[in-house]
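Below, read A as the first sequence line, B as the second, and so on, with proteins coming before strands; counting in each chain starts at 1.
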2 protein chains.
Amino acid sequence: MLRLSKLTDYAVVVLVRLAGAQGPHLAGQASVQTSPGIAASTGIPEPTVAKVLKSLSGSGLVTSQRGARGGYRLQRRLDEIPIADVIAAIDGPIALTACVDGSASECEAQALCPMRGRWDPVNDAIRSALNRITLADMQVAAIPPAFRTPTRTTAAPALPPAALPSGNMPAAE
Amino acid sequence: MLRLSKLTDYAVVVLVRLAGAQGPHLAGQASVQTSPGIAASTGIPEPTVAKVLKSLSGSGLVTSQRGARGGYRLQRRLDEIPIADVIAAIDGPIALTACVDGSASECEAQALCPMRGRWDPVNDAIRSALNRITLADMQVAAIPPAFRTPTRTTAAPALPPAALPSGNMPAAE
DNA sequence: GACAATCAGGACTGCTTCGGTCCACTTAGC
DNA sequence: GCTAAGTGGACCGAAGCAGTCCTGATTGTC
């Protein structure tokens, strides 16, 4: 299906929101944001935001600060984060098939499997394609001007949190 | 993630097998093969082969002939079939997210969704990457000679060896 | 020092999707 | 007419994912 998980979509929203609140000139500097705060401003359920941020933190895309007045902040600028990094942080290594992503233990027949390596050129092509696109590209990509409401930061969804009670997320689906 | 379905993997095996049995000079000409025959020679369960071939036939990658002495044969040469066509035939349109693949009805919040169009550059990049790789590339790609044993099929790693008669793999030729 | 706010890590559950199978029907050659 | 083969659809079990919840650790504030 070639479909990425919803969490990856959420991660993009969260990261763009993180950058949007900080402003490009403050990226990585100030404006630590909490996961409840991001959840409120994006409409994504709070536990889900926390889950995404934990994964992003583990991959070094954001830094976390525990305790009171803690929170998360971007580690790099949006134009320094290829979408491949986000996908890898949430979904793991980018590979179309289980038996070619480098984990030798997943396929017990790997030693004999003639398909081994066959998907490699496809995987490589996709990996390089995803490495060429950054979050900054996605931030400005193909969003009709009508949807760029001036009342919000560029990154935040134009949806008021109340408009997303459940189910219909600002992202895919 | 970013994983494609097993059926797509099977489809590649079946198509390569179809071409392999025909030989490059006979592509699209002779050697109509039945789905039971392909199942026997690849080790993929027969109903699954039939399912894959049905999809491929519907997409025009293979032509079918009904009735006794019927079967399937390749419609194009392997080097004329981009892997994107195979994926599209089995899994549908290539898109990372549900709401950007052109089906406007899938996301009820689409009209307000700021993510609309955001994944477009990513989708385009992947689509073009998959269009540049043909089945012929996969047929010869990166398979160490040591692994070119005729004893195993590719996409059915979990199958017991007994289900894999002999001399089945087209890649071994 | 107590308390509150926040992240960290894991376990759990319901749902959706996928892989695989089966059946009845149609088509076509012998 | 019989047989072999594709066509179309429905069905079921398994696996993975989305989302939630709980407990513990950390840190700033009063």
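- Remark: Tyr10(B) is not in phosphate contact with dG19(C), judged by side-chain N or O atoms under 4.0 Å from OP1 or OP2.
- Residue contacts for Leu53(A): at a heavy-atom cut-off of 4.0 Å it reaches no nucleic acid atom on any strand shown.
- Glu46(A) places its CD atom 12 Å from the C1' atom of dC7(C), with the value rounded to the nearest Å.
- Side-chain atoms of Ser59(B) do not come within 3.5 Å of backbone N or O of Leu61(B) as any donor-acceptor pair.
- Distances shorter than 4.0 Å separate none of the side-chain N or O atoms of Thr34(B) from OP1 or OP2 on dG6(D).
- In this entry the distance linking NZ of Lys51(A) with C1' of dA18(D) reads 6 Å, nearest Å.
- Rounded to an integer number of Å, the gap from CG of Asp9(B) to P of dG20(C) is 11 Å.
- The 5' end of DNA chain C is approached more closely, in terms of each residue's nearest nucleotide, by Gly67(A) than by the other of Gly67(A) and Lys54(B).
- Side-chain atoms of Arg66(B) stay outside donor-acceptor range of the base of dA5(D), with no qualifying N/O pair under 3.5 Å.
- Note that the CD1 atom of Ile126(A) and the CG atom of Asn131(A) stand 12.0 Å from one another [nearest 0.5 Å].
- The CG-P distance, from Leu7(A) to dG16(D), rounds to 16 Å in whole Å.
- Atom-to-atom, NZ of Lys6(B) to C1' of dG13(D) comes out at 14 Å; the value is rounded to the nearest Å.
- Heavy-atom nearest nucleotides on DNA chain C were determined for Ala68(A) and for Ser64(A), and the one closer to the 5' end corresponds to Ala68(A).
- Straight-line distance from the CG atom of Leu56(B) to the P atom of dG8(D): 14 Å, rounded to whole Å.
- Going from atom CD of Gln65(A) over to atom P of dG28(D) covers 6 Å, rounded to whole Å.
- Looking at heavy atoms from C-beta onward, Thr42(A) lies out of side-chain contact with Tyr10(A) at the 4.5 angstrom threshold.
- Regarding Gln33(A), its CD atom lies at a distance of 19 Å from the P atom of dA5(C), rounded to whole Å.
- Counting only heavy atoms from C-beta outward, the side chains of Ile44(A) and Val52(A) never approach each other to under 4.5 Å.
- With salt bridges taken as basic N to acidic carboxylate O contacts below 4.0 Å, none links Asp9(B) and Lys6(B).
- The side chain of Ser35(A) contributes no N or O atom lying less than 4.0 Å from OP1 or OP2 of dT6(C).
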